[in-house]
Asker: 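What follows is a single structure, and I will ask about it in a moment.
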Amino acid sequence: MRILTTLGLIGSAVLISACASTGGTGASVSREGPAPKIAANNTITGNGGLPLYVYSKDKKGEGVSECYDACAKNWPAAVTGVNTRPEGDFGLIIRMDSTRQWTYKGQPLYYYAQDSKAGDKKGDGAGGNWKLATK
């Protein structure tokens with residue numbers, strides 16, 4: 001009986017550990033914040049002046065993001081809190097995980113995980129599908 005209890009506890013610990021390490025939707029790297037801003041060079045920036053990007057596979061104005069799972073790990077959505085309201089050309093869509101994502105003129109906005117400071121634009125042109133969001 002003692003062996004079964006010990007094995008049960010070990011199995012539970014392994015299961016919990018495995019669940020905690022699964023990829024998910026990239027929400028852990030999302031950068032929640034207020035409405036994006038248009039910088040002096042007409043690029044659109046989010047928290048800390050980090051550049052925001054648009055994804056060519058998203059259909060403008062349809063209110064749907066096409067970037068989830070592995071995509072969202074590299075390209076976290078520019079999300080905000082549940083009480084945030086649209087501001088001017090900056091709107092909001094509801095993602096499949098119920099988070100609220102910023103859009104610019106109907107185009108969902110994303111960060112690039114490799115950008116770490118204002119002025120970075122490492123994701124511009126990536127895979128032929130990503131470009132800096134601009135006015």
Side-chain angles (χ1 to χ4, degrees):
M1 183 68 163
R2 212 181 266 182
I3 292 172
L4 290 177
T5 302
T6 303
L7 288 175
L9 291 173
I10 291 171
S12 295
V14 169
L15 180 61
I16 290 169
S17 176
C19 290
S21 66
T22 58
T25 62
S28 64
V29 293
S30 293
R31 298 172 179 144
E32 186 173 316
K37 304 207 178 325
I38 298 173
N41 64 358
N42 286 329
T43 60
I44 298 172
T45 61
N47 282 347
L50 288 171
L52 293 171
Y53 297 86
V54 293
Y55 186 38
S56 66
K57 294 185 179 181
D58 288 337
K59 292 183 176 51
K60 186 176 181 177
E62 288 195 6
V64 177
S65 169
E66 296 295 332
C67 184
Y68 289 93
D69 302 319
C71 177
K73 286 182 182 183
N74 291 316
W75 300 94
V79 298
T80 191
V82 296
N83 294 320
T84 304
R85 300 285 177 245
E87 296 181 22
D89 287 331
F90 295 104
L92 297 164
I93 61 170
I94 308 298
R95 294 176 57 80
M96 288 190 312
D97 62 2
S98 298
T99 57
R100 297 164 62 87
Q101 181 176 4
W102 285 110
T103 64
Y104 180 69
K105 295 184 177 180
Q107 190 76 33
L109 297 171
Y110 305 86
Y111 291 97
Y112 182 49
Q114 300 301 313
D115 288 341
S116 60
K117 63 185 182 307
D120 279 353
K121 53 182 178 180
K122 297 173 185 171
D124 195 24
N129 290 313
W130 294 93
K131 68 176 188 169
L132 282 170
T134 58
K135 178 177 176 185

Asker: As an exercise, state the distance from CD1 of Ile94 to OG of Ser65, rounded to the nearest 0.5 Å.
Answerer: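 Taking CD1 in Ile94 and OG in Ser65, the distance rounds to 12.0 Å.
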Asker: If you measure from CG on Leu92 to OG1 on Thr99, what distance do you get to the nearest 0.5 Å?
Answerer: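 Reported value, rounded in 0.5 Å steps: 10.5 Å.
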Asker: Under a 4.5 Å cut-off applied to non-hydrogen side-chain atoms, are Val54 and Lys131 in contact?
Answerer: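 Sidechains of Lys131 and Val54: in contact.
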Asker: Can you give me the closest heavy-atom contact between Leu132 and Pro51, atom names plus distance?
Answerer: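 Minimum heavy-atom separation between Leu132 and Pro51: CD2-CB, 3.6 Å.
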Asker: According to a hydrophobic-cluster definition based on side-chain heavy atoms being under 4.5 Å apart (Ile, Leu, Val, Met, Phe, Trp, Tyr only), do Tyr68 and Ile93 belong together?
Answerer: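 Looking at the clustering, Ile93 is in a separate group from Tyr68.
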Asker: Contact between Thr84 and Phe90 at the side-chain level, heavy atoms closer than 4.5 Å - yes or no?
Answerer: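 When only atoms from C-beta onward are counted, Phe90 and Thr84 do not touch, as no gap falls below 4.5 Å.
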Asker: Name all pairs fulfilling the side-chain hydrogen bond (donor to acceptor under 3.5 Å, both in side chains) condition that reach into residues 35-46, sequence neighbours left out, sorted by first residue then second.
Answerer: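 For residues 35-46, and leaving out neighbouring residues, the side-chain hydrogen bond (donor to acceptor under 3.5 Å, both in side chains) pairs sorted by first residue read Asn41-Thr43.
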Asker: Any side-chain heavy atom of Arg100 within less than 4.5 Å of one from Glu32?
Answerer: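 A side-chain contact under 4.5 Å is absent here.
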Asker: With sequence neighbours excluded, tell me which residues meet ring-ring contact (aromatic ring centres under 6.0 Å, His included) with Trp75.
Answerer: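 Testing Trp75 for ring-ring contact (aromatic ring centres under 6.0 Å, His included), a comparison that skips the adjacent residues, returns Tyr53, Tyr112, Trp130.
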Asker: Does the side chain of Leu109 come within less than 4.5 Å of Pro36's, by heavy atoms?
Answerer: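 Pro36 vs Leu109: side chains touch.
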Asker: Please report the closest heavy-atom contact between Ala113 and Pro76, naming both atoms and the distance.
Answerer: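 Heavy atoms only, the tightest pair is N-CD, 4.0 Å.
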Asker: How far apart are the closest heavy atoms of Asp115 and Lys121, and which atoms are they?
Answerer: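 Reported closest heavy-atom pair: OD1-N, 3.7 Å.
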Asker: Counting C-beta onward and ignoring hydrogens, is there a side-chain heavy-atom pair between Asp58 and Gln107 closer than 4.5 Å?
Answerer: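 Result yes, sub-4.5 Å side-chain heavy-atom pair found.
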Asker: Do the side chains of Tyr111 and Asn47 get nearer than 4.5 Å, heavy atoms only?
Answerer: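 Answer yes - side chains close enough.
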Asker: Distance from Tyr104 atom OH to Leu52 atom CG, nearest 0.5 Å?
Answerer: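 Between Tyr104 OH and Leu52 CG, I get 12.0 Å after rounding to 0.5 Å.
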Asker: Could you report the tightest heavy-atom contact between Ser56 and Gly128, atom names first, then the distance?
Answerer: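 Closest heavy-atom pair between Ser56 and Gly128: OG-O, 4.4 Å.
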Asker: Do the side chains of Tyr110 and Gln101 get nearer than 4.5 Å, heavy atoms only?
Answerer: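 Side chain of Gln101 against side chain of Tyr110, heavy atoms only: contact under 4.5 Å found.
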Asker: Got Lys105 and Lys60 here, is their nearest side-chain heavy-atom distance under 4.5 Å?
Answerer: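 A side-chain contact under 4.5 Å exists here.
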Asker: Count the heavy atoms of every other residue, nucleotide or ligand shown that sit under 6.0 Å from NZ of Lys122, and state whether that count exceeds 12.
Answerer: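 Atom NZ in Lys122 is packed in, count exceeds 12.
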Asker: What pairs meet the disulfide bond (SG atoms under 2.5 Å apart) rule with one or both residues in residues 71-135, with sequence neighbours excluded?
Answerer: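 Every pair satisfying disulfide bond (SG atoms under 2.5 Å apart) with a residue in residues 71-135: Cys67-Cys71.
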Asker: Would Lys117 and Asp120 pass as an ion pair if we require N to O under 4.0 Å?
Answerer: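 Salt bridge present between Lys117 and Asp120.
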